[in-house]
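Notes follow the structure.
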Amino acid sequence: MSQPELIPNKNYRATITEFEIKAIAKIQEFKEIAEKLKQEIHQRYSSNWKKWQRDVQIFIEHNFNAKSRHIKDFNDIKYSFSFGPMPEPDLQSKWINGLCDAQAIFDSFIGEIEEYGLPKKYQDIATIDTIEVLLKRFHLVARQLRERHNERSTLQIEDEYDVQDLLHALLKIDFEDIRAEEVCPSYAGGSSRVDFLLKQQNIMLEVKKTRKGLEAKEIGQELIIDIARYSDHPDLKTLVCFVYDPEMRIGNPKGLATDLEKRSTDNLKVKVFIFPE
């Protein structure tokens, strides 16, 4: 589905995010399905309607709040009369009116997102989830690249620069504003560059690749220094550390990740992903 068009001359927030644009597109899809359901007058409460209703409920729970008025407003919609038998024309009218009410609520959701945005908490969770899925599949993509037709040349993942190049390409699937090699404030008398900054999301990605001489202990020490260094970056709220370990040199990846994530502070959330597991 194409992205929704914003109505000209309306004062939208200048910082509407990609995540919010995707949420609006999904709500538009729910509206279109409701329009199709209006044609199912003679097969009301079909499996299509049940799936649509559940999909909307799940969307609201993930993007607003399971206890918000959004879910209550949607669940309160009536698609039939609650008393006695009614003539078929009245039942059909009630069914269509219920779907129209749902579409009106969807319009309200869209207006709320455009004016106020989605709760930041849920955007952050969704963004980190998106990054995690991408990193989890990184090794599969790297392996697939080696299997080219007629043994054509390809990207071989041999060092951290190769990891950065492939990761940069994959990030472009879900993110637009990707700043590569962002300069960080000085720490202990020097400065450094982080691999990627997702500026809209206030997320930095630091990439490591294990090799002989750079295993669990050394990786941990480097990331501890990085965490301290990046804590003063003005555009940073979350530091995502991706350790690519294709040779399985790290014996306890979950333990290392847990220990490093404990260094999160009120100003800096640290997430560590070590793949493949």
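The chain is numbered in sequence order, starting from 1.
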Exercise for the section: Assess whether side chain to side chain contact (heavy atoms under 4.5 Å, CB included) is satisfied between K271 and I128, documenting all intermediate values. Expected result: CA-CA 9 Å; K271 291 292 294 181; I128 295 299; 4.2 Å; yes

Practice task
Before giving the answer on side chain to side chain contact (heavy atoms under 4.5 Å, CB included), spell out for L260 and I224 the whole-Å C-alpha distance, their side-chain angles and the decisive distance to 0.1 Å.
Solution key: CA-CA 7 Å; L260 290 169; I224 287 172; 3.8 Å; yes

Handout entry: Trace of the side chain to side chain contact (heavy atoms under 4.5 Å, CB included) decision for W49 with R44
Key = CA-CA 8 Å; W49 177 82; R44 300 185 290 273; over 6 Å; no

Problem - Pair Q28-I110, side chain to side chain contact (heavy atoms under 4.5 Å, CB included): steps then yes or no - result: CA-CA 8 Å; Q28 296 278 27; I110 291 172; 3.8 Å; yes

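Among residues at least two apart or in separate chains, ring pair (Phe, Tyr, Trp, His ring centres under 6.0 Å) pairs with a member in residues 234-271 are F138-F242, F138-Y244, H139-Y244.
Summarising the geometry of E132 relative to F275, their closest heavy-atom pair is O-CE1, 4.2 Å, with the distance given to 0.1 Å. Across every non-hydrogen atom of L223 and C241, the tightest pair is CD2-SG, 3.8 Å.
Note on K208 versus E206: salt bridge recorded, some NZ/NE/NH1/NH2 to OD/OE distance being below 4.0 Å.
For the side chain to side chain contact (heavy atoms under 4.5 Å, CB included) with L214, the qualifying choice from K212, R211, K217 is R211, the only one to do so. The only option from F74, F30, F64, Y116 that meets the ring pair (Phe, Tyr, Trp, His ring centres under 6.0 Å) definition with F109 turns out to be F64. The side chain to side chain contact (heavy atoms under 4.5 Å, CB included) with I131 is formed by just one residue from the set L134, T127, D129; it is T127.
D177 places no side-chain N or O within 3.5 Å of a backbone atom of Q200 that could act as its donor or acceptor partner. One N or O on the side chain of D159 and one on the backbone of Y161 form a donor-acceptor pair closer than 3.5 Å.
Summarising the local packing, NZ of K38 is surrounded by more than 12 heavy atoms from other residues, nucleotides or ligands at distances under 6.0 Å. In this structure, E88 places its CD atom where more than 12 heavy-atom neighbours from other residues, nucleotides or ligands lie under 6.0 Å away. Within 6.0 Å of the CZ atom in R148, the count of heavy atoms belonging to other residues, nucleotides or ligands exceeds 12.
The hydrophobic clustering, which links ILVMFWY residues whose side-chain heavy atoms are closer than 4.5 Å, places V163 and M248 apart.
Between the side chains of Q164 and D195, a donor-acceptor pair is found at a separation under 3.5 Å.
For K31 and F106, the positive end is not near the middle of the six-membered ring at less than 6.0 Å and at most 45° from its axis.
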